[in-house]
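Notes follow the structure.
When a ligand or atom number is given, it counts from 1 through the structure's own listing order.
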Amino acid sequence: MNPQVSPAPHLVLVGLMGTGKSTVGRRLAHKLGWEFLDTDDEINRVSGQTVRQIFENEGEDRFRHIEHEVLVSACRLPTPYVIAGAGGIVLRADNRELLKSAQYVVWLNAPLHVLIDRIGQRAIKADGHRPLLDASPAERLQEMYIARESLYREVATHEINVEGLQVQEVIDKILNSIGLEATS
Ligand code: S3P
């Protein structure tokens, strides 16, 4: 557990695209009786634009700025939240410092080939919120894997290997490893 205390005992899920942060996070929050927030959805809500629209109209830097502001607000929430952080949330050093103030930061990880299988070689463009994977998705994921592994490790209080696990199994592992009990 990280030493600094945040306003409420939030649990933040981090990890690359395809690790199941949003699906796991939503169900985990329900199990714990906590609220749920997905940073991409929140970016959408506060900006009135989709992730893809922000990337295309204003560029990645602007997206990362809004993402940072959303994370700042999320970390200040006064009641417990499960927060699904988007894959790139660890890129900014100030975000990593914020993450270290959350009580639990769970890194959902899997071998690269598993993530590539999950994301697939399909027409990623149909997947609205992942413009970074429009071209050469497998290569892009590999680059991200290499560039970000140490960043996820830096902020994580717990690491879960999701390879071969169903959503419920991932949730059980998280609950076991952080020592929290489901309320439903
Ligand atoms: C990104 C991950 C996406 C989304 C955007 C950038 C990244 O979120 O924020 O496409 O840089 O890894 P998910 O991790 O929820 O897919």
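Not counting sequence neighbours, the partners of E143 by the side chain to side chain donor-acceptor pair (under 3.5 Å) test are R140.
One N or O on the side chain of N44 and one on the backbone of Q49 form a donor-acceptor pair closer than 3.5 Å. Proximity of a side-chain donor or acceptor of Q53 to a complementary backbone N or O of T50 within less than 3.5 Å is detected. Judged purely by atom type and a 3.5 angstrom limit, T19 has no side-chain atom pairing as donor or acceptor with the backbone of N109.
Among residues at least two apart or in separate chains, ring-ring contact (aromatic ring centres under 6.0 Å, His included) pairs with a member in residues 44-100 are F55-F63. Listed by first and then second residue, the side chain to side chain donor-acceptor pair (under 3.5 Å) pairs involving residues 169-183 are Q168-D172 (not counting sequence neighbours).
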Enumerate, one pair per line, all nitrogen or oxygen atoms of ligand 1 lying under 3.5 Å from a protein nitrogen or oxygen, stating the separation to 0.1 Å; write 'none' if no such pair exists.
{"from": "ligand 1", "atom 1": "8 (O)", "to": "D40", "atom 2": "OD2", "distance (Å)": "2.8"}
{"from": "ligand 1", "atom 1": "9 (O)", "to": "D40", "atom 2": "OD1", "distance (Å)": "2.8"}
{"from": "ligand 1", "atom 1": "9 (O)", "to": "D40", "atom 2": "OD2", "distance (Å)": "3.1"}
{"from": "ligand 1", "atom 1": "10 (O)", "to": "H129", "atom 2": "O", "distance (Å)": "2.5"}
{"from": "ligand 1", "atom 1": "11 (O)", "to": "R64", "atom 2": "NH2", "distance (Å)": "2.7"}
{"from": "ligand 1", "atom 1": "11 (O)", "to": "R148", "atom 2": "NH2", "distance (Å)": "2.9"}
{"from": "ligand 1", "atom 1": "12 (O)", "to": "G88", "atom 2": "N", "distance (Å)": "3.3"}
{"from": "ligand 1", "atom 1": "12 (O)", "to": "R148", "atom 2": "NH1", "distance (Å)": "2.7"}
{"from": "ligand 1", "atom 1": "14 (O)", "to": "K21", "atom 2": "NZ", "distance (Å)": "2.9"}
{"from": "ligand 1", "atom 1": "14 (O)", "to": "G87", "atom 2": "N", "distance (Å)": "2.8"}
{"from": "ligand 1", "atom 1": "15 (O)", "to": "D40", "atom 2": "OD2", "distance (Å)": "3.4"}
{"from": "ligand 1", "atom 1": "16 (O)", "to": "H129", "atom 2": "NE2", "distance (Å)": "3.1"}
{"from": "ligand 1", "atom 1": "16 (O)", "to": "R130", "atom 2": "NE", "distance (Å)": "2.8"}
{"from": "ligand 1", "atom 1": "16 (O)", "to": "R130", "atom 2": "NH2", "distance (Å)": "3.1"}

